[in-house]
Amino acid sequence: MSDVMDKQALEQRAVNAIRALTLDATSEAGSGHPGMPLGTAAMGYVLWHKFLQHNPKNPSWANRDRFVQSAGHGSMLTYSLLHLAGYDLPMEELKNHRQWGSLTPGHPEHGHTAGVETTTGPLGQGISTAVGMALAEAHLAAVYNKPDYEVVDHYTYVIASDGDIMEGVASEASSLAGHLGLGKLIVLYDDNQVTLDAEADVSFSEDVLMRYQAYGWHTSSVADGNDVTALEQALSSAKSVTDKPSIIAVRTIIGYGAPGQGTSSVHGAALSGDDGAKTRETLGIDWEPFTVPDDALAHWREAEANGAKAEADWNTLYEGYQSAHPELAKQFAAVLADEIPAGLEQHLPAFELGSGVATRNASSKVINALAPHVPQLIGGSADLAGSTKTDINDTTIISRSDYSGRNIYFGVREHGMAAAANGMVLHGGVRPFVGTFFVFSDYLRPSLRLSALMEQPVIYVFTHDSIGLGGDGPTHQPVGQLMALRAIPNLTLIRPADAHETAQAWAFALQHKDGPTALVLSRQNLPTLEVAAGSVSKGAYIVAQSSTPTPELILIATGSEVSLALAAKAKLDSEGMSTRVVSMPSMELFDAQDASYKASILPKDVRKRVAIEAGASLGWYKYVGDGGAVIGLDRFGASADGDVIMEKLGFSIDNVVATAKGLTSS
C-alpha cells in the first residue's frame with residue numbers, strides 16, 4: 001500500500017511541478033495565462049510521461065509523436081513540459097517568459113523553441129494543423145512502410161480548448177479528419193466550461209462530443225481532469241481505435257488551486273503576491289520558485305533515457321529497412337530532407353510562342369511534368385480541382401482506405417485546407433500545394449499568415465486571378481487580394497504573365513524553402529512570351545526593350561496585363577514614344593535584388609512610368625514615383641464578358657496610351 005501511495009505522491013509532485021513553473025514564470029513576467037496550465041497539468045503529465053514517444057535530445061527525430069498545444073495562450077504548459085522532460089530549455093528561459101529575445105514567448109513559436117511543433121495562439125489553428133500532421137503520417141506510412149518495417153508509425157496528440165473547438169477552421173479540419181479516418185490523431189479537449197469573457201454557457205451550449213461523433217470521431221470523456229488513472233485509461237482506449245480520430249472531453253477546472261479557480265478571472269492574469277502564495281499553499285507546493293523537487297525532476301527526466309532507447313530501436317529498424325529496401329529507403333531519406341533534384345528546370349514543359357494558354361492550364365502541365373521527379377509533392381484543392389487544375393495525373397485521391405495517393409480532395413474547406421497544409425509541411429516528408437479561387441484567399445488568410453510566420457514552404461495555387469474571369473461577377477473577382485497578400489512578411493507572391501513565367505514560378509516555389517509562395521493564375525488564355533531563364537526569380541525583367549537605348553516611358557505590368565502593355569507599346573512606339581515594357585511577376589523578389597539590377601530595370605532618370613495591374617492601385621506608387629501613373633482597380637468588378645469588363649474598367653490599349661501621353665517630364 002505504501003508503494004502505491006508513494007507513487008501517487010510522486011506523480012502529484014510531478015504534476016504540481018508544471019503548475020509551480022507556470023505560477024513562477026507568469027508572476028515574474030507580470031502577465032500571461034496561468035489558468036489553462038493549472039487546469040491541464042495532469043493531462044500534460046499523463047500524455048508526456050506515459051504516452052508521448054519522443055527524444056528530448058533530438059527534437060527532430062523523424063518518428064517522434066507530435067504534440068500540439070492548440071490553446072497556445074497557456075504556453076507555460078508547453079514550456080514547463082519541455083523543461084521538465086529535458087529539452088534544451090533551461091530554467092533561465094522560463095524566468096524570461098514573454099521577454100525580448102527569450103525562448104519562451106507569449107505563445108509557442110515553431111523554429112524559435114526546440115520541441116515546439118507548430119506556432120499556436122490563433123485559436124483553432126493548432127488542432128487544424130495537427131490534422132495535416134496526422135494526414136502526412138498516414139500518407140508516408142502507406143507509401144514507405146513494408147512488412148516488418150513500419151518506419152513511419154507515430155501519433156499526433158493535441159490539447160485543445162473550448163475556443164479552439166468553437167473556431168470554424170477547427171470544424172472544417174475536424175470534419176476532414178473524420179472523413180479520412182485519421183486514427184493516429186488524438187485530441188484532449190480541455191472542457192473547463194469557461195471562456196475568456198464568462199462561463200462558456202453564455203455563448204456555447206452544444207454537445208461537442210455529439211458533434212464529433214457526427215464527424216466520424218471516436219469520443220469519450222474523463223469526469224475529473226486531475227484523475228491520472230482515468231486519463232491514462234482514456235488515452236489507452238483512444239489508441240486502440242485505429243480507424244477514426246479520437247477526442248476525449250476532459251472536465252477540468254481552469255486556474256485549479258487559485259483563489260478564482262473555475263472563473264474567467266484566472267484565464268489571463270498572473271497570480272502573484274497573496275494570490276500566488278495562496279495558490280501554492282492550496283496545491284501543496286512547498287519548494288522555492290523556479291526549482292523542481294529532485295525526485296519529481298528525476299521522474300520527469302526518465303524521458304531522456306526512454307527517448308534515447310526509442311530512437312535507437314527505430315534506428316535499428318531503419319538500418320534493416322535500408323538493407324531490405326534500399327531504393328525506397330533512399331527516396332524516404334530524400335523526402336524527409338525535402339531534397340529537390342538538381343536541374344529541375346530541365347523537366348519544365350515548353351510552350352509554343354504566341355499560343356494562348358491560361359496560366360492555370362500551364363500550371364497543371366508543370367505540376368505533372370515535375371511530379372515524377374519530386375515524390376514529396378502532394379496537393380489538392382477546396383473542391384475546385386477541375387477549375388484550379390491541381391490534380392496530379394497517374395495517381396489516386398487519398399481516402400480512408402488508401403492514403404498512398406497524391407491528390408487530396410479537401411472539400412469546400414479553404415481554411416482547414418491551408419491549416420492542414422501547414423501541418424503536412426511541418427511534419428516533414430511531404431511538400432504540399434493547395435488550390436482555390438484567388439478571391440477565396442480571404443477564407444484561408446489566417447492559415448497562410450501562419451505559413452509565413454513559421455517560414456514554411458507551402459505552395460498556394462490561386463486561380464481566377466482578376467476581373468478578367470468574366471461573368472461570375474464581383475463576388476468572384478479579386479480586387480484587393482493582390483496587395484493584401486503582398487503585405488504579409490515572408491510570403492512570395494508571383495503573378496505570371498504567361499505559361500513560361502508560370503513554369504519558372506513553379507521551379508522557384510519548389511526550390512524556395514524559407515516561406516510560402518502564392519502563385520496567382522489566370523482563367524483566360526494569355527499569349528505565350530519568350531522568357532529568358534531565371535527571369536521570374538529576379539522578380540522583374542525587361543520583356544520588351546525600347547527602340548532607343550534609354551526609354552522615354554516604362555510600362556510595368558503583371559499577369560494578364562503584360563500582354564496589354566506589349567500591345568500598348570506597339571502603338572506608343574509607332575507614335576514616336578520610345579517605350580520599355582517590364583514584367584514584374586513578383587514585387588518581393590524584385591525588391592530583394594541589388595540596387596544595380598533594380599536600376600537596370602527601372603532607371604531613376606526615366607520618370608515617365610505607368611503601372612498596369614487589374615487590382616488595387618495601392619502599393620504601385622513606390623515603382624512609378626510621383627511622375628508616374630497607375631492603371632489599377634479601386635472598385636469592385638462587374639458581371640459581363642471578361643474582355644468587356646477589362647475595356648470598361650480602363651484596361652485597354654487606348655487608355656494605356658492616353659495615360660502615358662498625359663504624363664509630364666517634370
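Predicted model, so just to flag it, every value in this text is computed and none were measured. The figures here come from the full heavy-atom set of this structure, side chains too, leaving out hydrogens, waters and symmetry mates. Starting from 1, each residue takes its place in the sequence as its number.
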**Report entry** Ring centres under 6.0 angstrom apart (H464, F437)
**Finding:** yes
Query raised in the report: Any side-chain donor paired with an acceptor under 3.5 Å for S447 and H415?
Result: yes
Report task. Among T436, L519, V434, find the residue that satisfies the side-chain contact (heavy atoms from CB on, under 4.5 Å) test when tested with F462. Result -> T436
Requested in this report: Would you check if there is a donor-acceptor pair between the side chains of R413 and S175 at a distance under 3.5 Å?
Outcome: yes
Query - Qualifying salt bridge (charged side-chain N to carboxylate O under 4.0 Å, His left out) pairs with a residue from residues 445-469, counting only residues at least two apart or across chains - result: D465-R495
Query raised in the report: So how far is it from T118 OG1 to L450 CG, rounded to the nearest 0.5 Å?
Result: 7.0 Å
Report task. Determine yes or no for a side-chain-to-main-chain donor-acceptor pair under 3.5 angstrom, with H110 supplying the side chain and E117 the backbone. Result -> yes
Report task. Please confirm whether the backbone N or O of A71 pairs with a side-chain atom of Q69, one donor and one acceptor, at under 3.5 Å? Result -> yes
**Report entry** Test item: Q504 side-chain N/O and A532 main-chain N/O as donor-acceptor pair under 3.5 Å
**Finding:** yes
Requested in this report: Spell out, as yes or no, whether a donor-acceptor pair under 3.5 Å connects the side chain of H427 to the backbone of A136.
Outcome: no
Query raised in the report: Between T359 and S522, do the side chains contain an N or O donor and an N or O acceptor separated by less than 3.5 Å?
Result: yes
**Report entry** Distance in Å, E552 CD paired with T579 OG1, rounded so as to fall on 0.5 Å steps
**Finding:** 7.5 Å
Requested in this report: Examine distances only and state if a side-chain atom of S128 and a backbone atom of A173 form a donor-acceptor pair shorter than 3.5 Å.
Outcome: no
Query raised in the report: Is there a donor-acceptor contact under 3.5 Å from the side chain of D634 to the main chain of A616?
Result: no
Report task. Ignoring hydrogens and angles, tell me if any N or O in the side chain of S70 forms a donor-acceptor pair with the backbone of G126 under 3.5 Å. Result -> yes
Query - Under 3.5 Å: donor-acceptor pair, side chain of R609, backbone of V606 - result: yes
Query - Sequence neighbours excluded, every pair satisfying salt bridge (charged side-chain N to carboxylate O under 4.0 Å, His left out) that has a member inside residues 427-438 - result: D338-R431
Requested in this report: Take S535 and E501 through the test side-chain hydrogen bond (donor to acceptor under 3.5 Å, both in side chains) and record every step on the way to the result.
Outcome: CA-CA 8 Å; S535 296; E501 282 195 10; over 6 Å; no
Report task. State whether the number of non-hydrogen atoms from other residues, nucleotides or ligands found under 6.0 Å of E206 atom CD is greater than 12. Result -> yes
Report task. May I ask you to decide if T528's main-chain N or O and S355's side chain share a donor-acceptor pair within less than 3.5 Å? Result -> no
Query raised in the report: Can you check whether H179 and Y215 have ring centres sitting under 6.0 Å from each other?
Result: no
**Report entry** All pairs passing salt bridge (charged side-chain N to carboxylate O under 4.0 Å, His left out) where residues 610-619 contributes a residue, at least two apart
**Finding:** R486-E613
Requested in this report: Starting at CZ of F433, measure out to OG1 of T388 and round the result to the nearest 0.5 Å.
Outcome: 8.5 Å
Query raised in the report: Does a side chain donor of either R211 or S171 reach within less than 3.5 Å of an acceptor in the other side chain?
Result: yes
Query - Main-chain N/O of L453 paired to N490 side chain as donor or acceptor, under 3.5 Å - result: no
Query raised in the report: Distance under 6.0 Å and angle within 45° of the ring axis: does K538 meet both against F590?
Result: no
